[in-house]
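Encoded as structure tokens, the structure appears first; notes follow it.
Computed from a prediction, not measured in an experiment: that's the story for all the values here. Note that ligands are numbered from 1 as they come in the structure, with each ligand's atoms numbered from 1 the same way.
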Amino acid sequence: MNENINYAYFEGNFVPLAEAKVNIMTHAFLYGTAVFEGIRGYWNEVQEEMYIFRLREHMERLYDSMKIMNLELDFSIDEICKLTVELLRRNNPRTDTYIRPSVYKAAQRIGPGLHDNPSKLCMFTVPFGDYFHGAPGLKVQVSSWRRVEDNAIPARAKIVGAYANTALAKTDAVKAGFDDCIVLSENGHVSEGSAMNLFMVRRGELITTPVCDNILEGVTRATIMEIAAAELGLSTTIRQVDRSELYIADELFFCGTGAQITPIIEVDHHAVGNAQTGPICEKVRDAYISICRGEVTKYSKWLTPVYKTSKLAAARS
Ligand SMILES: Cc1ncc(COP(=O)(O)O)c(C=O)c1O
């Protein structure tokens with residue numbers, strides 16, 4: 001193990017990231033037939049520890065995505081979690097890190113079928129700071145692109161090919177001068193952000209969109225509902241949301257592994273509240289970040305320490 005090399009897990013081995021290359025005839029490259037996860041590792045400088053946030057929940061969702069896409073691995077969820085820790089231990093980062101496992105259809109052939117088509121796992125890690133930059137918050141548009149429908153490409157599975165939909169929506173928004181966008185379902189109800197879930201506050205009520213409106217069933221979304229109930233005494237209403245509610249909301253914020261918790265201050269040029277981070281968003285965000293960084297022992301059940309785990313394993317062997 002060389003400390004200067006960034007390793008990837010590829011075709012059953014840990015190899016330098018630069019050597020982890022797929023053939024251009026690979027099915028997933030030709031047809032988008034792969035699923036993935038985006039996971040964060042938070043560096044805690046004081047404890048000199050890297051905490052992976054809700055690793056198991058992410059891997060459980062990866063396996064759900066795999067099931068939908070007829071992908072199969074010989075690994076159990078526990079084994080893939082251990083592999084993730086091992087990759088991070090080898091890469092030895094001392095900064096916030098993004099972890100990207102993908103499971104992909106690896107046949108080298110023409111034809112979109114998922115059958116008789118072997119599945120492979122790969123994973124890499126990269127340093128990762130804030131996904132969105134700049135205070136006080138985001139100016140977004142409601143996209144003219146609709147979210148992929150469950151009967152077309154299920155949004156609850158994190159399918160690589162489905163991110164063409166995300167890319168179109170995000171790119172249009174940025175080209176039009178917005179930071180990001182909110183997408184609607186074909187039925188006209190609010191779905192989510194380009195690659196984030198959405199929360200709204202109206203008259204003190206915390207609201208988020210339902211899983212049947214083509215959202216990814218977000219780990220951060222579930223976390224926020226738990227934190228809001230436990231720390232703020234605020235239960236979340238899960239219900240369909242109309243576009244025009246966005247224009248009169250008191251608060252709106254995106255959430256996701258990448259976005260973490262990011263306030264929205266304008267939708268289609270309508271100010272959200274007083275165009276500042278709202279009080280509920282601020283409280284939830286502060287609690288969320290300190291939990292992710294391992295500063296709140298009550299929530300350590302959500303954290304996988306990378307270096308302590310590997311020290312314990314070394315001590316045992
Ligand atoms: C389309 C989409 N929605 C929502 C989310 C948020 O999910 P999570 O909180 O599990 O990261 C993501 C990923 O970050 C996403 O890609």
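- Under the 30°/60° scheme for interplanar angles, the aromatic rings of Tyr163 and Phe36 are found to stand perpendicular.
- A donor-acceptor pair shorter than 3.5 Å cannot be found between the side chains of Ser191 and Asn214.
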Show the distances, to 0.1 Å, for all pairs joining an N/O atom of ligand 1 and a protein N/O atom that are shorter than 3.5 Å, listing one pair per line.
{"residue": "ligand 1", "atom": "3 (N)", "partner": "Glu192", "partner atom": "OE1", "Å": "2.8"}
{"residue": "ligand 1", "atom": "9 (O)", "partner": "Val219", "partner atom": "N", "Å": "3.4"}
{"residue": "ligand 1", "atom": "9 (O)", "partner": "Thr220", "partner atom": "N", "Å": "2.9"}
{"residue": "ligand 1", "atom": "9 (O)", "partner": "Thr220", "partner atom": "OG1", "Å": "2.5"}
{"residue": "ligand 1", "atom": "10 (O)", "partner": "Arg61", "partner atom": "NH1", "Å": "2.7"}
{"residue": "ligand 1", "atom": "10 (O)", "partner": "Arg61", "partner atom": "NH2", "Å": "3.0"}
{"residue": "ligand 1", "atom": "10 (O)", "partner": "Val219", "partner atom": "N", "Å": "2.7"}
{"residue": "ligand 1", "atom": "11 (O)", "partner": "Thr257", "partner atom": "N", "Å": "2.9"}
{"residue": "ligand 1", "atom": "11 (O)", "partner": "Thr257", "partner atom": "OG1", "Å": "2.5"}
{"residue": "ligand 1", "atom": "16 (O)", "partner": "Lys158", "partner atom": "NZ", "Å": "3.1"}
{"residue": "ligand 1", "atom": "16 (O)", "partner": "Tyr163", "partner atom": "OH", "Å": "2.4"}

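- Considering all non-hydrogen atoms of both residues, Gln276 and Pro136 come closest at OE1-CB, 4.1 Å.
- Nearest heavy-atom pair, Thr33 versus Leu71, reported as atom, atom and distance to 0.1 Å: O-CD2, 4.4 Å.
- Counting heavy atoms from C-beta outward, Asp213 and Asn187 have side chains that approach closer than 4.5 Å.
- A search for side chain to side chain donor-acceptor pair (under 3.5 Å) contacts involving Ser65 returns nothing, not counting sequence neighbours.
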